[in-house]
Protein chains: 2
Amino acid sequence: MSDELPALPWERTRRRTGPARIPLTRDRIIEAAYTVLDRVGYEKLSMRQVAAELGVAVSALYAHVSSKDELLELMYLRMFRDWELPPPDPDNWREQIRQYARTGRTRLHEHRDMARIAMTGFPFSAEALPHLEQLLALFRAGGLPDHLAGAAGDMISTFINGFAFEESVWEDRQEEVDESPRDQPVSERSWAEIRETLERYFRELPPDRFPNLVELSDVMLQRTNDERFDLGIEIIIRGLASYAAEHPRPAE
Amino acid sequence: MSDELPALPWERTRRRTGPARIPLTRDRIIEAAYTVLDRVGYEKLSMRQVAAELGVAVSALYAHVSSKDELLELMYLRMFRDWELPPPDPDNWREQIRQYARTGRTRLHEHRDMARIAMTGFPFSAEALPHLEQLLALFRAGGLPDHLAGAAGDMISTFINGFAFEESVWEDRQEEVDESPRDQPVSERSWAEIRETLERYFRELPPDRFPNLVELSDVMLQRTNDERFDLGIEIIIRGLASYAAEHPRPAE
DNA sequence: AACCTGGATGAACAGTGTTCACCATACACG
DNA sequence: CGTGTATGGTGAACACTGTTCATCCAGGTT
């Protein structure tokens, strides 16, 4: 390893500080934190792991990020980046809400355990506000009375986050069962396994104490998570729409 | 302290073990964990704190509880204790669902950050199953098609947990602002403060980019958490009921 | 060439979950 | 009455965690 050629003049500056040392930045730290998160999950995500990922001392991180909590918040904010909001279309508010919820869940799925981070993030940051505004616009376009529009925004977010959070918990639970390495965000196969196990569990319950659970064991779990999520959103939308029907907007 | 009377025969066995040394049990550990949780919150709840609360070495806990995760799970299960479920009344399913959700949230509020623990707890344990069964019974009584009844149970739980979780996050955020000691689960006053701060924040947003937020700033946050929660539940119930109306139960 | 300065370093501190060799106490038995 | 045994608590240790701080080194400026 000692037979290095003398550095060419134009790369001298670069070679100086060891192997192409790119400066540490907030962005690079967040990026590294994401790859660590995807590999080890929320519970085991640590500043030291992030530092190791960057090949840097732990204390170096604190020059760019004041605490782990701040790093988590930054990761949360990153979620909103390049999230295009379509212009509100009053005739299509239901479909647009559906779409919004779906891409929201997709965003949360983009990184492992992201929902756990999102759930504790500050939901009214500058990055998140346009989304709330968008939801409000859609709800008002749909003819919801004002006091409902306000609550509805919260509600949709709570459901999206809560749903994804529980998915995340199931995934982690499943993962600590099969020690398999985690190349992708829990295969469809794993979810099928979970469902099958639960279905048998329900079916074999004592029918005298749990008649409904036994009877519905098949129909309850045959749906995929996607379908369950869509159904949940649909229920909320219908509930909201029922108010719009009661308080028809004065056609001015 | 040396002028002790000779112990009466029937209390001899009790006196033997020094200063009234009550044996360590799972229950006592769980109890202690709750008082620690209420004092320091979820993030700072540690095995050492629990041990200290009991005046005992940390390692002693591990004779009764295999890990911190198990302890958390036990705390979660304790939540269902003495939770009476009223007999399902088909004519009143909506009110009964409302009531169920309300007491669910109340239970979560009984201990600080309980929702954070509940959210990661296994929702199909022996203790929790009767509740799911109850919900299914109510939904079927309300005339919901079977495939919906299954999803609806999940949905209600997700919303209750998610809502309480976010309340818990807000409370913690508020608490680290005012250093005030925490004698009770965040006073009403604190919530009023949070609402007021947010309302002003919304009102002073640039109206060109956030017209709806500015316009709704007053109406959006004037409601208490209780009202917002009830509204959320009501929306879900209405959404569910809309399906029942579409698929009327065959009057046999 | 000397200086300054910004950013990275590594060691340290206090705290975490968990394990394990040790030991004391309370009971059963001879 | 004395001895053994076993249950269950102890304290020290390990491998971590988030965070801080004195130190130090490289880069650019004077």
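On a predicted model such as this, the values are computed, not experimentally measured, just so you know. Throughout, protein chains are lettered first and strands after them, A, B, ... in sequence-line order, and every chain is numbered starting at 1.
With a 6.0 Å cutoff to the six-membered ring centre and a 45° limit on the axis angle, A/Arg105 does not count as a cation-pi contact of A/Phe163.
The ring pair (Phe, Tyr, Trp, His ring centres under 6.0 Å) with A/His111 is formed by just one residue from the set A/Tyr76, A/Tyr42, A/Tyr34; it is A/Tyr34.
In the set D/dT19, D/dT10, C/dA8, C/dA8 carries the atom at the smallest distance from any side-chain atom of A/Ala63. Nearest to the side-chain atoms of A/Ala60 among the listed nucleotides C/dT9, D/dG9, D/dT10 stands C/dT9.
The backbone N or O of B/Leu45 lies less than 3.5 Å from a partner atom in the side chain of B/Lys68, making a donor-acceptor pair.
Computed from coordinates, the A/Leu71 CG to D/dT17 P distance equals 14 Å when rounded to whole Å. A/Lys68 places its NZ atom 12 Å from the C1' atom of D/dC16, with the value rounded to the nearest Å. In this structure, CG of A/Leu61 is placed 13 Å from P of D/dT20, rounded to the nearest angstrom. A straight line from NZ of B/Lys44 to P of D/dG18 spans 15 Å, rounded to a whole angstrom. Rounded to a whole Å, the OH atom of B/Tyr62 is 16 Å from the C1' atom of D/dG8. Residue A/Leu72 contributes atom CG, which lies 15 Å from atom C1' of D/dT19 at whole-angstrom precision. Atom-to-atom, CD of B/Glu43 to C1' of C/dG17 comes out at 16 Å; the value is rounded to the nearest Å. Distance, B/Arg48 CZ to D/dA13 P: 13 Å, rounded to whole Å.
Between B/Arg116 and B/Asp172 there is a salt bridge, with a side-chain nitrogen of the basic residue lying less than 4.0 Å from a carboxylate oxygen of the acidic one.
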Query - Trace of the side-chain contact (heavy atoms from CB on, under 4.5 Å) decision for B/Trp191 with B/Gln174 - result: CA-CA 9 Å; B/Trp191 274 111; B/Gln174 176 73 3; over 6 Å; no
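Contact between the side-chain N/O atoms of A/His64 and the OP1/OP2 oxygens of C/dA8 is found at a separation under 4.0 Å. Taking side-chain N and O atoms only, A/Ser46 has a distance below 4.0 Å to OP1 or OP2 of D/dT17.
If B/Ser59 and A/Gly55 are placed on DNA chain C by their nearest nucleotide, the residue sitting closer to the 5' end is A/Gly55.
In this structure, A/Val56 reaches the sugar-phosphate backbone alone: every heavy-atom distance under 4.0 Å involves primed, P, OP1 or OP2 atoms, never a base.
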